[in-house]
Number of protein chains: 2
Amino acid sequence: MPRRTDLSDTYCPVGRSAELLGDRAVLLILRDLFFGRRRFEAIAANTGLGPQLVSARLKLLEKEGVVERHAYQDKPPRREYRLTDKGKDLFGVLYAMRGWAERWAYAEGETGGGPAMRYIHRACGTDVGTATVCPGCGAALGYGDLKGEPSPALKAEQAARSG
Amino acid sequence: MPRRTDLSDTYCPVGRSAELLGDRAVLLILRDLFFGRRRFEAIAANTGLGPQLVSARLKLLEKEGVVERHAYQDKPPRREYRLTDKGKDLFGVLYAMRGWAERWAYAEGETGGGPAMRYIHRACGTDVGTATVCPGCGAALGYGDLKGEPSPALKAEQAARSG
DNA sequence: ACTTGTCACTATGATTATCATAGTTACGAT
DNA sequence: ATCGTAACTATGATAATCATAGTGACAAGT
């Protein structure tokens, strides 16, 4: 593609976010990182993205201060990628995307009755559905407050991808 | 690009959203629609995207049921684009993106003290900052509950683009 | 009547990001 | 010495994106 206009200096906050988040691969990698996948190969396998793309996007995310590369072993060099505070704060965006999809992106009965991904408020045990405020106790919900559980169908799909 | 793997049939809700939202142009166009820009040329001018791209993405958004094309005049054919309910429900995603950017994407003092975009809770008049729950009255916040006001710098930038 | 202007696009050609596949480096285990 | 694994890099084909220009339909001004 030709050089697209850079949005990192616009005053519009959505424009600035879009510069990073308006990219399929970035979104998929972030999802996996929030899911607890930290290793290169695990991310590549689960997202279905090629290693070159994963490599390029992880470098970009590191440059943007959203992930940190951490060597957990040196003998054979092994790295893992972790979300920084700036990265963890993107949870709200991913959670909003998930909520929208649960409400609109599935055919009737496609998920087998419930959401594709359930979230439980750790503090009070309530299933929060797609809410941004816990329907049980009224608390605002952020990363760390919630425990995610994939539906059987989603779990099976992920298992198939990593095999 | 070669044909990328289609994610519209994954069980992962973030994957399904990413298929639509993992695209810079889609995000920018949605932002403008939420901002009240309904006309083709206004969107093209403000986003800085070429007419071909705007045309292609509006067609996609219409196909996905996110926007509706509405003829408001026939003599010279004139159309406008409106968000459907499914589209309006994407407000949470854009609002989360805006919140993240306000917190992380600006240099110290770059916006002149306040956020680049202020949001006021219509019901109680409180400036909600980047919260998902009104700090004044505790209500959950959605599209329609908020009144957005761009900062002087952002307003000037938009005026320059449309001129 | 003729030009100018606006809106909503479509057409063209150059550029470059993305994909699939294969290869590389470093090491540990058999 | 070969096999396997993790984390990448290299290569070449494909196709999406951009800038620029052009089209069709009409309205208004001169």
Side-chain angles (χ1 to χ4, degrees), chain A residues 1-7 10 15 18-29 32-33 36-63 67-82 161-163, chain B residues 1-7 10 15 18-29 32-33 36-63 67-82 161-163:
Chain A
M1 298 166 208
R3 173 120 75 272
R4 60 196 193 180
T5 51
D6 184 31
L7 291 179
T10 180
E19 192 68 31
L20 181 65
L21 300 176
D23 181 287
R24 232 174 64 104
V26 164
L27 256 15
L28 261 20
I29 291 171
D32 276 25
L33 288 169
R37 283 184 201 95
R38 302 178 198 269
R39 298 201 329 284
F40 189 96
E41 286 293 312
I43 293 169
N46 188 256
T47 57
L49 302 169
Q52 193 171 91
L53 231 204
V54 175
S55 175
R57 289 304 183 274
L58 283 171
K59 277 195 181 78
L60 172 66
L61 289 167
E62 195 186 358
K63 177 172 147 271
V67 308
E68 267 173 357
R69 185 176 161 153
H70 180 76
Y72 65 89
Q73 182 179 301
D74 273 327
K75 301 310 184 68
R78 295 286 182 271
R79 326 281 168 199
E80 64 175 23
Y81 296 87
R82 294 179 188 170
R161 276 187 178 284
S162 63
Chain B
M1 300 167 207
R3 175 123 71 273
R4 60 198 194 179
T5 50
D6 184 31
L7 290 179
T10 180
E19 192 68 31
L20 181 66
L21 301 177
D23 182 287
R24 232 174 64 104
V26 164
L27 256 15
L28 261 22
I29 291 171
D32 277 24
L33 289 169
R37 283 185 201 93
R38 301 176 199 271
R39 299 199 331 280
F40 188 95
E41 286 293 313
I43 293 170
N46 188 255
T47 57
L49 301 169
Q52 193 172 86
L53 233 202
V54 175
S55 174
R57 288 305 182 276
L58 284 171
K59 277 197 180 78
L60 172 66
L61 288 167
E62 195 185 0
K63 178 174 146 264
V67 308
E68 268 174 359
R69 184 176 162 154
H70 180 75
Y72 65 90
Q73 183 179 298
D74 272 327
K75 301 309 186 71
R78 295 288 182 270
R79 326 282 169 199
E80 64 175 23
Y81 295 88
R82 295 180 186 170
R161 277 189 176 284
S162 62

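Order of the sequence lines sets the chain letters (A, B, ...), proteins ahead of strands, with each chain counted from 1.
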### Query
Counting N and O atoms only, with roles assigned by atom type, does the side chain of A:Ser55 sit under 3.5 Å from a partner on the main chain of A:Pro51, one being a donor and the other an acceptor?
no
### Summary
Which of D:dA7, C:dT10, D:dT9 is nearest the side chain of A:Glu41? It is D:dA7
#### Entry: Options D:dT9, D:dC18, D:dT17, nucleotide nearest the side-chain atoms of B:Arg24
D:dC18
Rounding to an integer number of Å, can you tell me how far [X] [atom1] sits from [N] [atom2]?
{"X": "A:Asp23", "N": "D:dA16", "atom1": "CG", "atom2": "P", "value": "15 Å"}
{"X": "B:Arg57", "N": "C:dC9", "atom1": "CZ", "atom2": "C1'", "value": "16 Å"}
{"X": "B:Glu80", "N": "C:dC7", "atom1": "CD", "atom2": "C1'", "value": "13 Å"}
{"X": "B:Leu49", "N": "C:dC9", "atom1": "CG", "atom2": "C1'", "value": "15 Å"}

### Task
For A:Arg78, report the nucleic acid contact type (base, sugar-phosphate, nothing); a contact means any heavy atom under 4.0 Å.
base
### Message
Any carboxylate oxygen within less than 4.0 angstrom of a Lys/Arg side-chain nitrogen, looking at B:Asp23 and A:Arg24?
### Response
no
### Summary
Comparing nearest nucleotides in DNA chain D, the 5'-proximal residue of the pair A:Tyr72, B:Gln52 is A:Tyr72
### Task
Return the 5'-most residue of the pair A:Gln73, B:Arg69 with respect to DNA chain C, ranking by each residue's nearest nucleotide.
B:Arg69
### 5′-ward residue of the pair A:Pro51/A:Ala25 relative to DNA chain C
A:Ala25
### Query
If we only count heavy atoms from C-beta on, is the A:Leu20 to A:Leu61 side-chain gap below 4.5 Å?
yes
